[in-house]
Structure formats: C-alpha cells, structure tokens
Amino acid sequence: MKIISAADAARLLQDGDTLLIGGSGGGHAVPDALLAAVGERFRGTGTPRGLTALHPVGLGDGKTRGAGHLAQDGLLKRVVSGTFVNSPGIAQLALDEKIEAYTLPQGSMSQLMREMAAGRPGLLTRIGLHSFVDPRLQGGRQSRRATEDLVELVEFRGEEYLFYRPFRVDVAFVRGSAADEDGNISMEHEAVTLEMLSIAQAARRSGGIVVAQVKRIVPRGSIHPKMVKVPGILVDALVVDPDQWQTYETEDSPAYSGHARVALEDVPRLPPGPRRIVARRGACELFEGAICNLGSGISTGIANVAAEEGVLRRVCLTNEQGNIGGAPASGNEAGAARSPDAQIDQPYQFDFYDGGGLDLAFLSFAEFDAEGNVNVSRFGGRIVGPGGFINISQGARAVVFGGTLTANGAPKAVQRVEQVTFSGRFARERSQPVLYVTERAVFRLGEFGPELIEIAPGLDLESQVIGAMGFRPRISPALRRMDAGLFAEGPMGLADRLPVRPPRAAARLAPAIA
C-alpha cells in the first residue's frame, strides 16, 4: 500500500475533477488534512480549478475547516451537499454567485452513493416531493448559476417519485482510524461510520482514485476483519495524520466511539429560558419505547430534558449519522452520541427513517407559514440546506417542530416561507400528525394550516401571540393553557406520567407467547 503526503494527495486532483468527500459536520471522520492540502495547493499554484465538490453531509467547524478549505474563488465550480451550515465560506460563494450550489437531502445523497457504487441508474425515492428539492419548485438549487437538473420528477406505476442522478467520481477522500499494511481501513475510534464504504466503491466504479486519511498504520492482519469498514482493495493511497482528532473539538472521546460508557444522567440540565420551555413541551410528546430523531438546533434539548426527567433510558434517541440510543450530542458536535447502543452506517439509518421507522421526529424550524410549511434551508440571507431534515420529517410517523415564536423581534410564523423544506399540504395528504411548539404557544397542523391549541399561562392571546405572528391562525375551540410545569424550575414529573404504548409486534407476539 502506497503511503503519500497530504500534499501529494492534493496533486492528484486535476482541473474540472469531481471530488467525493466523506465525513460529517464538526469533524466527524472528516479528512481535514487532505482538504487543507487542496486548499494550500490552490493558494500557492492556482490549481486545481473548477472542481465539483460532492459530500452528503456538511463539513466544517463553522469557520474555515472542512469544506471551508475549498472556499476559494476559482477552486470550485460546483458544490453538491446536504448542507452548507458548517462551511460559511461555501455558502458565501453561493450567495455571491461564484459557484453552482445545490443542497439535496442528506439521506438521499447518502443512499445515492450505494446506487453509484452498484452502477445503477440513480436513486428513485419519494423523499423531497413538494419541497424545494422538487424540480417543480427549485430542484435543490441555491444559486442562479446552478442550471443543471440534478433531480427529476418521474412517474412510476402511477405514482410520483424523484430521481436523483448519479455522478462520475475522479477522486474520493475518506477517513478512518487506522490502516494496516494492505490498506484495510478501520473506524473504531470514530464517532460515526457514515457511507465510507459506498464512497470508496462508487469512486472505484467510476475509475476514480481513493485516498484514505488515517491516524496510524498497524501491522498486516492486526485489524479484525469485522472491524474493516473500507477494504484495502478499494484504497489506492494512504495519508497518515498522527495529529488527527476525533472531532474538531474533541481529541478522543471513548463515549463517542463506544469504547466506554458514561452515565446518561450526567447530560447537563438546560438553563432557564425559551429553549428549555420548548424542549420540555416537546418532551411531553414522548411515550414509553418511542424511537425518535433529534434534529439540530433547539430540538437537541430533548435529550437534556429526558435525562433531567429520568426517562432517557425509557425511550430510544437516534441521529441520522447512524447512532442508535444513548444521548445525542449537540452544538458543533451534533452527529455524535454519548454511549450509543449501536452505530450503523448512515445509508441504513436513512433506510429505516424513510421506511417509517421513527415514531417521533423532533426538529427545529427557522420559520413556518400559514399553509403549515416549514423552512430550515434558506432564510434571512443565509443558505443552510436541509441536511437530513427532509428525510426525517417526511418519513416520521409524527413530527414536532420546535422554535421560538420570534427572533430578534421578527415573526418566525410568516405568511409564506422563503423556501419549502417541509410541505404542510403533503403532510395533510398523508395524514401525518404535526405540532409546532414555541415558548408562547403550541399549534397543530389542521385542515387549513396551523391551528392554535395551547397558549402559555398569563399571556394575552391577541397582543402576545397572534400579534407576534405574520398570519392569523385558526384557533381551536378547545384552546387550553400550556402546562404550568413547563415553566417551573424543577423537574415536571414526566417519569411518572410517561404514556405506555405496547410494541408494534405485541398483538402478534401475545398469542405466540401464550
């Protein structure tokens, strides 16, 4: 197996190449040394130019790392990713119309890697219908320069689907924890495994080059075969970075990698304020054994509340990167989880999500409108992208959107959202229960849009709720006050009143057990 420097790896890229990159968010399995070398080469030589950067998950520390290394005028022609939130430099290039910018559903991009690996025509799915990814709206475009149709609307057996087109890959960057002398890659110290195997297979299928960044080289045969995530037969070269951290903020957390377990009850308590109120009200939708996803932003507080209330072990929290159980991380380390019960590859997690495996999805909103649409992907002069939001919200059996009613005095409940990341009409057609939870009021998706069903104690309906909105919602005839316990200092007693629901298989299992 050939071991090369990061600078040598960067020189493999030629003008106009498509670079496929593994990794997630704030440094989770991100091949940062390789990306930094590409950025450094361009600053020094002006090459490579006109690259297409393709990565299912947003990459970066919110500043200059990750995909931010590539955020240089002329280096990139096109970026296709789940989100730009981790790389503001990329978002700015899109806003300045200097790149062709697309943001597509993270799960669909992850699954597309498998389709590309197998040489299949592309990905056929319902995920993204009636959102801004639908070509009848914007086709996932985030800049005017993005004119190519990457997503097509097709009809198959009388039903509508979206078809995500595959890409040809010239170079792929992946990352692992260790490589043996034959190039077999393990990921035992990573917080997530993602779709590294599919990325390497997709690049090989295209005739591309696969470069793996690892922290160390170990002797041939010393990695247990079941710990190999990317076989050496798919790897062309290795780059060793002995200073590789697990994330951008954590050098090595055994709780993230699964090498050690920590007490879930040690999750910090949320401080008083709107975030705590919204998370507590969302947590009231939990039930015994509920399988949930926690989106980024305000909804990550559900884990903190569940720990404080002593119910974290009575539900199953997951995240889209592949962690099942434990306590999902928040902030810049979202995507990891402390002491998960299982870690699976990201495409399989999204298979589960898309197939209706989630009982509840707790997601944040940037704004929602009179039709019940939700926007998290483009607002207030920012390009964020959907991340896993579209897969999660569209596939879940029920969705709880959380956020404050206003931001800096401006309404977040608007007449029409700037970009449709979740379609209220499509949810109604599928009879999907939806709540919009704020610190002042709670709404449910009704026949004609959001309907006000709860109001915080002591607030005036007209001046402090409806007056803070950009539209007038329907008001439930059974309008009630939000539980006063949500606003109290101590625990609200959720453990004593957590609803119990039988497992889905209970009806079939009971006769067999009897």
Side-chain angles (χ1 to χ4, degrees), residues 1-13 19-24 27-38 55 59 113-114 116-118 169-247 250-260 321-323 336 340 342-348:
M1 177 55 56
K2 189 173 184 179
I3 300 176
I4 63 176
S5 68
D8 288 337
R11 282 191 284 270
L12 295 171
L13 285 161
L19 173 62
L20 176 55
I21 313 164
S24 172
H28 303 306
V30 176
D32 201 73
L34 297 177
L35 296 174
V38 175
H55 45 98
L59 308 173
M113 298 303 106
R114 289 189 311 202
M116 290 162 52
V169 179
D170 297 294
V171 178
F173 287 168
V174 298
R175 183 180 121 174
S177 303
D180 69 12
E181 294 167 308
D182 291 325
N184 295 302
I185 310 297
S186 68
M187 298 185 70
E188 74 273 15
H189 288 290
E190 306 298 335
V192 291
T193 58
L194 305 169
E195 55 286 307
M196 291 295 178
L197 174 59
S198 296
I199 284 175
Q201 290 174 329
R204 177 54 60 93
R205 172 66 172 68
S206 293
I209 298 169
V210 178
V211 182
Q213 175 187 316
V214 296
K215 188 170 185 176
R216 65 192 186 281
I217 303 293
V218 299
R220 176 179 290 109
S222 62
I223 302 176
H224 191 287
K226 290 182 179 176
M227 296 300 293
V228 173
K229 295 304 294 186
V230 181
I233 59 172
L234 300 174
V235 179
D236 296 293
L238 297 172
V239 172
V240 182
D241 178 14
D243 298 322
Q244 174 176 297
W245 279 33
Q246 190 178 47
T247 76
T250 300
E251 184 172 5
D252 181 43
S253 167
Y256 283 170
S257 64
H259 285 87
Q321 284 84 354
N323 285 294
Q343 293 180 327
I344 65 175
D345 289 355
Q346 181 169 242
Y348 300 104

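- Here the closest non-hydrogen pair linking P231 and L197 is CD-CD1, 3.7 Å.
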Note to self: Please determine whether side chain to side chain contact (heavy atoms under 4.5 Å, CB included) holds for the pair L238 and I185, giving the CA-CA distance in whole Å, both sets of side-chain angles, and the decisive distance to 0.1 Å.
What the structure shows: CA-CA 10 Å; L238 297 172; I185 310 297; 3.7 Å; yes

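- When the side-chain hydrogen bond (donor to acceptor under 3.5 Å, both in side chains) test is applied to H55, the partners found at least two apart in sequence or on another chain are S81.
- To the nearest 0.5 Å, the span separating CG on L12 from CD1 on I209 amounts to 5.0 Å.
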Note to self: Between I4 and V239, does the side chain to side chain contact (heavy atoms under 4.5 Å, CB included) criterion hold? Intermediate values first, please.
What the structure shows: CA-CA 5 Å; I4 63 176; V239 172; 3.8 Å; yes

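- Pairing each heavy atom of D180 with each of G221, the nearest pair is OD2-N, 3.8 Å.
- The stretch residues 220-232 participates, sequence neighbours left out, in these side chain to side chain donor-acceptor pair (under 3.5 Å) pairs: D182-R220, K229-D345.
- Listed by first and then second residue, the ring pair (Phe, Tyr, Trp, His ring centres under 6.0 Å) pairs involving residues 183-211 are H189-H259 (not counting sequence neighbours).
- Within the 4.5 Å cutoff, side-chain heavy atoms of M196 are placed close to those of M187.
- Heavy atoms only, all atoms of each residue included: A6 and A37 are closest at O-CB, 3.3 Å.
- Between I21 atom CD1 and L59 atom CG the span is 6.0 Å, to the nearest 0.5 Å.
- Not counting sequence neighbours, the partners of Q343 by the side-chain hydrogen bond (donor to acceptor under 3.5 Å, both in side chains) test are N323.
- With values rounded to the nearest 0.5 angstrom, I344 atom CD1 is found 11.5 Å from L194 atom CG.
- Among all heavy-atom pairs drawn from L34 and A9, the shortest one is CD2-CB, 3.7 Å.
- Under the side-chain hydrogen bond (donor to acceptor under 3.5 Å, both in side chains) criterion, D32 pairs with R65, H69, Y248, sequence neighbours left out.
- In this structure, the side chain of Q244 engages the main chain of G176 through a donor-acceptor pair within 3.5 Å.
- Residues A203 and V210 approach most closely at CB-CG2, 3.7 Å, considering heavy atoms.
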Checklist line | Trace of the side chain to side chain contact (heavy atoms under 4.5 Å, CB included) decision for S253 with Q246 | finding: CA-CA 7 Å; S253 167; Q246 190 178 47; 3.3 Å; yes

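- For residues 183-209, the pairs satisfying salt bridge (charged side-chain N to carboxylate O under 4.0 Å, His left out) are R175-E190, E188-R216, R204-D236, with sequence neighbours left out.
- In terms of heavy-atom proximity, F173 sits nearest to L13 at CZ-CD1, 4.3 Å.
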